[in-house]
Amino acid sequence: LEAKQIDCVAISLADLFWNAIEESGRLEAIVSAEKDGGPTGLQEAIESIGNLLRRPPSLVDRVVTAVEDVSPRSAVFLYRAGALFPAIRTSGLLDELLGRVRLPVTLLYPGRLHGGFGLSFLDILPPHYGYRATIIPRGDDE
């Protein structure tokens, strides 16, 4: 892409995830809930993280901010989506980015393609078929 004068912008969803948690001041409480609360504590930690990533500035807001000053001749690559599991579904992230980012966005998806349109996150969840995005499989998933 760069040979065609298109800038490549790489955004780590894991970095945005950890920044949101650190900025919230709730890191220790989340770790404590997960560590000391057993199965209920783990679920509490997951819900707490999901809520943090949905409220302003949401994960989507953070992606939008990360690309607002880049060249209009840029392509955005979102990576480390596995860090969001199970607090955030990537399908929801892509839906919310629709119309807010006016650049091509590629999500490097940690999962497996089922048929032509089903994606299974980390190949542990049942396939989800609601993606509106174009799916480009790796060579070994075809």
Side-chain angles (χ1 to χ4, degrees), residues 1-2 4-138 140-142:
L1 292 173
E2 289 173 348
K4 301 225 181 246
Q5 287 78 44
I6 297 173
D7 295 327
C8 295
V9 179
I11 299 172
S12 167
L13 294 172
D15 287 349
L16 297 180
F17 164 94
W18 284 111
N19 289 343
I21 291 173
E22 289 171 7
E23 288 169 15
S24 77
R26 300 213 7 93
L27 178 61
E28 287 185 32
I30 291 168
V31 169
S32 253
E34 180 182 359
K35 184 177 172 184
D36 303 329
T40 304
L42 175 59
Q43 190 57 40
E44 261 181 45
I46 291 167
E47 289 173 15
S48 181
I49 291 167
N51 289 336
L52 280 173
L53 296 176
R54 287 182 190 91
R55 72 173 175 226
S58 69
L59 181 63
V60 172
D61 295 335
R62 292 168 186 276
V63 172
V64 170
T65 298
V67 299
E68 67 187 3
D69 292 328
V70 303
S71 159
R73 291 195 46 85
S74 297
V76 177
F77 293 86
L78 303 176
Y79 67 101
R80 302 266 336 264
L84 305 177
F85 180 78
I88 296 286
R89 299 286 305 247
T90 54
S91 58
L93 173 69
L94 290 175
D95 285 345
E96 289 184 53
L97 283 172
L98 192 63
R100 293 197 57 196
V101 174
R102 302 257 182 237
L103 301 166
V105 175
T106 299
L107 172 69
L108 303 175
Y109 188 86
R112 180 159 310 280
L113 181 63
H114 292 265
F117 303 100
L119 292 174
S120 172
F121 194 74
L122 297 172
D123 206 22
I124 58 173
L125 293 179
H128 179 71
Y129 293 90
Y131 290 93
R132 288 181 244 171
T134 301
I135 299 169
I136 303 168
R138 289 186 337 199
D140 60 347
D141 283 348
E142 296 182 278

Within-4.5 Å side-chain heavy-atom neighbours: [X] and [Y]:
X	Y	value
Ile49	Ile88	no
Asp7	Val70	no
Leu84	Leu59	yes

Which is it for Glu96 and Arg54 under the salt bridge (charged side-chain N to carboxylate O under 4.0 Å, His left out) test, yes or no, and what are the steps along the way?
CA-CA 11 Å; Glu96 289 184 53; Arg54 287 182 190 91; over 6 Å; no
What distance do [X] atom [atom1] and [Y] atom [atom2] have between them, rounded to the nearest 0.5 Å?
X	Y	atom1	atom2	answer
Ser91	Tyr109	OG	OH	7.5 Å
Arg80	Phe17	CZ	CZ	10.0 Å
Phe121	Thr90	CZ	OG1	5.5 Å
Glu2	Ser74	CD	OG	9.5 Å
Gln43	Ser48	CD	OG	11.5 Å
Ile30	Ser24	CD1	OG	5.5 Å

When you check the gap from the basic side-chain N to the acidic O, do Arg100 and Glu68 get nearer than 4.0 Å?
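Not counted as a salt bridge, because no side-chain N and carboxylate O are separated by less than 4.0 Å.
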Testing the basics here: between [X] and [Y], what is the closest heavy-atom pair and its distance to 0.1 Å?
X	Y	value
Pro57	Arg62	O-NE, 3.2 Å
Ala20	Leu53	CB-CD2, 3.8 Å
Ala14	Ala83	CB-CB, 3.6 Å
Leu1	Phe77	CD1-CZ, 3.9 Å

Greater than 12 external heavy atoms within 6.0 Å of Ile124's CD1
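Enclosed: over 12 neighbouring heavy atoms sit under 6.0 Å from CD1 of Ile124.
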Just to verify, which of Leu93, Leu16, Val101, Leu98 counts as forming a side chain to side chain contact (heavy atoms under 4.5 Å, CB included) with Val60?
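Of all the options given, the one that passes is Leu93.
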Between His128 and Arg89, does a side chain to side chain contact (heavy atoms under 4.5 Å, CB included) hold up when you go through it step by step?
CA-CA 10 Å; His128 179 71; Arg89 299 286 305 247; 3.9 Å; yes
Show your working on side chain to side chain contact (heavy atoms under 4.5 Å, CB included) between Leu107 and Leu13 and close with a plain yes or no.
CA-CA 10 Å; Leu107 172 69; Leu13 294 172; 3.9 Å; yes
Before you tell me yes or no, could you show the steps for Phe85 and Leu122 under side chain to side chain contact (heavy atoms under 4.5 Å, CB included), namely the whole-Å CA-CA distance, both residues' side-chain angles and the distance that decides it to 0.1 Å?
CA-CA 9 Å; Phe85 180 78; Leu122 297 172; 3.9 Å; yes
Would you check if the side chain of Asp95 reaches a backbone N or O of Gly92 as a donor-acceptor pair within less than 3.5 Å?
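No, Asp95 side chain to Gly92 backbone: no donor-acceptor pair under 3.5 Å.
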Could you give me the CA-CA distance, side-chain angles and deciding distance for Leu119 and His114, then say whether side chain to side chain contact (heavy atoms under 4.5 Å, CB included) is met?
CA-CA 6 Å; Leu119 292 174; His114 292 265; over 6 Å; no
